[in-house]
There are 2 protein chains.
Amino acid sequence: MAVRSDQGKPEPLTKLDFEALARFRFGIRRYLRFSEETVRGHGVTPQHYQLLLALKGFPGREWATVSELAELLQLRHHSVVELVNRAQTQDLVERAAHPTDARSVRVLLTPEGERVLGRLSALHRDELRRMGDGFAALLAPDGTA
Amino acid sequence: MAVRSDQGKPEPLTKLDFEALARFRFGIRRYLRFSEETVRGHGVTPQHYQLLLALKGFPGREWATVSELAELLQLRHHSVVELVNRAQTQDLVERAAHPTDARSVRVLLTPEGERVLGRLSALHRDELRRMGDGFAALLAPDGTA
DNA sequence: GTCAATGTATCGCGTTACGATACAAATGCC
DNA sequence: GGCATTTGTATCGTAACGCGATACATTGAC
């Protein structure tokens, strides 16, 4: 992979390194593209799907606070607020009082959100299995996998 | 993973399935977030970096046509046109005549684009090695990896 | 030479994430 | 218990970006 160890000043990348990075990026873009077209075909935006998935996929519970979602979705707090607003008008999620902290808000799925997420997640699971090994190969940045 | 085989009508996903999908998505978001902050810190947008990388990472050559880029970046043709326009004003890429097809355009890196890409790609390579196994584990959708 | 197919470019638009800002509740300190 | 600091959520204006619709040039088939 043309790397020494883990120093700050790296030696130049080889053509193969660039190709591997590009392949990896392409794999991600392709998956996200599949996801986008799939979810839009079901009437929701990619952001909505990610929101629903983050809620249902939260370890141990089925809801999350705005701050937690900001971390999971890697967005700013107020971007999540807006996203939740939008999803709420679509009847995909709802807000509820936090049991112990009156500042926080519990964001949780509506039955409709649950239904949509179920359908979409199944399609994503299938696609991931389809990509499966191909995706894993992308992770070998020296192109030898 | 709670799957039968590969039929169209899937059985419902388990909590673990949802968690795995959410983890996978989180991993992607995290990587893209790292990428965005890194490249912006060097004065380019994420789209610019992806464009440069697609050019330099093209197997066998160091340039690509607009159509090829549209496929690699998973964008519409005209979105790529606009992206190339923007990158061109930043002196990151340039257009050149296609040798055999007068309709096509060769998009290639400028020396400046080459420099920027080299620096940024090294950082991405390092980050990927850092995430390395963690990312691979995300790919096991049943959470057992 | 005509015509469909291909490749690139332009324009206007809607969405979305952001920074700046504001407000409410909780926490720590004395 | 009062008060400052921190934490959590929300609002507003803005800029970037990808897209659909559209236009134009070149190629290739016949």
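Each chain gets a letter, A, B and so on, in the order its sequence line appears, and its residues count up from 1. The analysis underlying the following values was restricted to heavy atoms, covering all of them including side chains, and did not include hydrogens, waters or symmetry mates.
- Atom CG in A:Leu32 sits about 15 Å away from atom C1' in D:dG18, given to the nearest Å.
- When each of C:dT16, C:dA5, D:dT6 is scored by its nearest atom to the side-chain atoms of A:Arg86, the top-ranked nucleotide is C:dT16.
- Between the CG atom of B:Leu69 and the P atom of C:dA9 there is a distance of 11 Å, rounded to whole Å.
- With distances taken from any side-chain atom of B:Val66 to the nucleotides C:dT8, C:dA17, D:dT9, the minimum falls on C:dT8.
- Relative orientation of the B:Tyr49 and B:His124 rings is parallel, given thresholds of 30° and 60° on the angle between their planes.
- B:Leu69 is listed as a side-chain neighbour of B:Leu55, based on a closest heavy-atom distance under 4.5 Å.
- Regarding contacts with the backbone of D:dT7, every side-chain N or O of A:Ser104 stays at 4.0 angstrom or more from both OP1 and OP2.
- For the pair A:Arg40 and A:Thr100, nearest-nucleotide mapping onto DNA chain C gives the more 5' position to A:Arg40.
- Between the CD atom of A:Glu36 and the P atom of C:dT16 there is a distance of 10 Å, given to the nearest Å.
- A donor and an acceptor atom, one from each side chain of B:Arg115 and B:Thr110, are nowhere located under 3.5 Å apart.
- No side-chain heavy atom of B:Arg95 sits less than 4.5 Å from a side-chain heavy atom of B:Leu108.
- In this structure, the CG atom of B:Asn85 is 13 Å from the P atom of D:dG18, given to the nearest Å.
- Note: CD (B:Gln74) to P (D:dC17) measures 19 Å, nearest angstrom.
- Applying the 6.0 Å contact sphere to CZ of A:Arg30 captures no more than 12 heavy atoms from other residues, nucleotides or ligands.
- Side-chain N/O atoms of B:Arg103 and base N/O atoms of C:dT6 include a donor-acceptor pair closer than 3.5 Å.
- When each of A:Glu82 and A:Val105 is assigned the nucleotide of DNA chain D bearing its nearest heavy atom, the one mapping closer to the 5' terminus is A:Val105.
- Considering only side-chain N and O atoms, A:Thr45 lies nowhere under 4.0 angstrom from the phosphate OP1 or OP2 of C:dT15.
- With D:dC19, C:dT6, C:dA17 as the choices, the nucleotide that has an atom nearest any side-chain atom of B:Ser79 turns out to be D:dC19.
- In this structure, the CD atom of A:Glu37 is 15 Å from the P atom of D:dG18, given to the nearest Å.
- The side chain of A:Arg95 places no N or O atom within less than 4.0 Å of a non-bridging phosphate oxygen (OP1 or OP2) of D:dT9.
- Judged by a 6.0 Å distance limit and a 45° cone about the ring axis, A:Arg61 is positioned over the six-membered ring of A:Phe58.
- The separation between A:Gln88 atom CD and D:dT11 atom P is 10 Å, rounded to whole Å.
- One can place NE2 of B:His78 at 20 Å from P of D:dA25, the figure rounded to the nearest angstrom.
- Proximity of A:Arg33 to the phosphate of D:dC19: a side-chain N or O atom is located under 4.0 Å from OP1 or OP2.
- Not one side-chain nitrogen or oxygen of A:Gln47 sits closer than 4.0 Å to the OP1 or OP2 atom of C:dT15.
- The side chain of B:Val81 lies closest to C:dA9 when the candidates are D:dA10, C:dA26, C:dA9.
- Between A:Arg76 and the phosphate of D:dT9, there is no side-chain N or O to OP1/OP2 separation shorter than 4.0 Å.
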